[in-house]
Amino acid sequence: MDAVQAPIVQVIGDLIRQVPGTISLGQGVVHYGPPREAIDAARAALADPATHEYQDGLGIPILIDRLTAKLKIENGIDVARGRTLMVTAGANMAFVHAVLAITDLPVEEKAEIILPVPFYFNHDMAIEMAGCRTVRVPTDDHYQLRVDAIRDAITPRTRAIVTISPNNPSGAVFSESSLGEVNALCRDRGIYHIADEVYEYFTYGSARHVSVGSFADAEAHTISMYSLSKAYGFAGWRIGYVVYPDHLASAMMKSQDTILVCAPVVSQVAAAAALDVGRAYSEPHVGELAQVRDIVLRQLGTLAPLAEVPAADGAFYVLLKVNADIPPMAIAERLIREHKVAVIPGPAFGMTEGCCFRVAYGALQKETVAEGIGRLVAGLRAIAGSGLHT
Ligand SMILES: Cc1ncc(COP(=O)(O)O)c(C=O)c1O
């Protein structure tokens with residue numbers, strides 16, 4: 001555990017608690033909660049004795065039905081064709097299961113999983129905790145995949161390549177062609193493609209999310225994971241789901257049964273009701289976030305040349321590159337203590353070169369964005385302006 005990075009959201013959260021009134025642009029949360037129908041369903045489920053019992057480890061039938069239909073219609077994934085669907089307590093747990101399921105190697109060797117940088121910190125933590133090794137591969141100046149670099153990083157110990165699109169922390173939406181190349185590479189080299197698609201609904205302008213599992217011949221080597229946390233404002237209910245090849249069914253169930261048994265039943269009932277409301281629930285929220293994003297990009301744009309923000313078409317993050325020679329954690333701490341605004345420093349995402357910060361705007365609304373980003377802009381000018389490289 002000593003080698004595993006500290007959970008940065010908790011570290012920043014501790015600092016925020018010391019400075020009341022801090023606006024958090026740290027944690028990746030949305031400002032809205034679940035649909036009313038989900039809450040009503042959860043309330044009604046309390047009277048059903050089955051809610052209080054262990055249920056099937058894969059998920060309760062009504063939710064499996066709804067998710068199977070959703071995957072087919074929206075993602076082009078036919079669960080009936082050689083794949084298994086499992087409901088987990090969030091996509092983080094799905095990732096842990098997947099890592100445990102695919103990384104057997106003789107004890108003297110470490111299995112490797114390739115993460116394009118920037119990565120999602122919990123992926124890196126899960127890999128290292130499982131006794132495996134994160135292999136970090138750079139992306140390009142716009143945080144797009146560099147398939148050549150990924151190909152060069154494959155070794156006999158590589159078990160998987162992970163892609164997150166839309167991306168946390170960069171907001172980048174990967175092109176269909178680059179995701180297709182990665183998927184084909186995984187197929188040809190006999191490794192897995194783990195596709196984290198928890199931000200599938202969060203794209204802006206002409207950007208479109210592509211489901212890796214819909215590619216031809218993807219079913220035997222693709223593990224696709226999704227979540228209700230963002231799309232349905234469900235973060236505290238802990239519901240995610242994962243689709244994987246049938247040959248991993250036994251290994252995935254060993255991990256699920258040991259760690260979780262089954263996802264919380266009341267949350268599953270609520271999730272089925274949320275799925276009945278469907279994607280339409282998130283659409284107005286995503287529309288509002290698009291407006292918030294415009295304001296964020298415009299305000300952060302005024303920081304040039306002190307900072308730059310590569311274009312980001314998805315999720316609700318931007319990765320700000322600050323042109324200063326100061327350790328990012330030191331700046332993040334001063335931003336909280338002196339300017340009452342919190343962001344996450346780049347090293348948590350593998351950005352160890354330069355001075356980067358993830359700015360999360362999912363919790364902001366049009367009324368609050370100016371204040372939050374205003375503090376960040378003023379804070380960065382005050383703290384890093386004097387250390388500007390010219
Ligand atoms: C890329 C990515 N994957 C997974 C998760 C975890 O989602 P869940 O709440 O479903 O565990 C997050 C949450 O921020 C995320 O950003």
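Heavy-atom basis, side chains included; hydrogens, waters and symmetry copies ignored. Numbering of ligands and ligand atoms starts at 1, following listing order.
For the pair Lys70 and Tyr226, the cation-pi test (distance below 6.0 Å, angle within 45°) is passed.
Nearest approach of Ala270 to Ala42, heavy atoms of both residues: CB-CB, 4.1 Å.
With sequence neighbours left out, the side-chain contact (heavy atoms from CB on, under 4.5 Å) criterion links Val4 to Met1, Met125, Glu128, Met129. Applying the ring-ring contact (aromatic ring centres under 6.0 Å, His included) test to Tyr244 and every residue at least two apart in sequence or in another chain returns nothing.
Residues with a heavy atom under 4.0 Å from ligand 1: Gly90, Ala91, Asn92, Tyr120, Ile164, Asn168, Asp196, Val198, Tyr199, Ser227, Ser229, Lys230, Arg238.
A salt bridge links Asp40 and Arg43; the closest N-O separation between the charged side-chain nitrogens and carboxylate oxygens is under 4.0 Å.
Note on residues 53-68: pairs passing salt bridge (charged side-chain N to carboxylate O under 4.0 Å, His left out), not counting sequence neighbours, are Arg66-Asp276.
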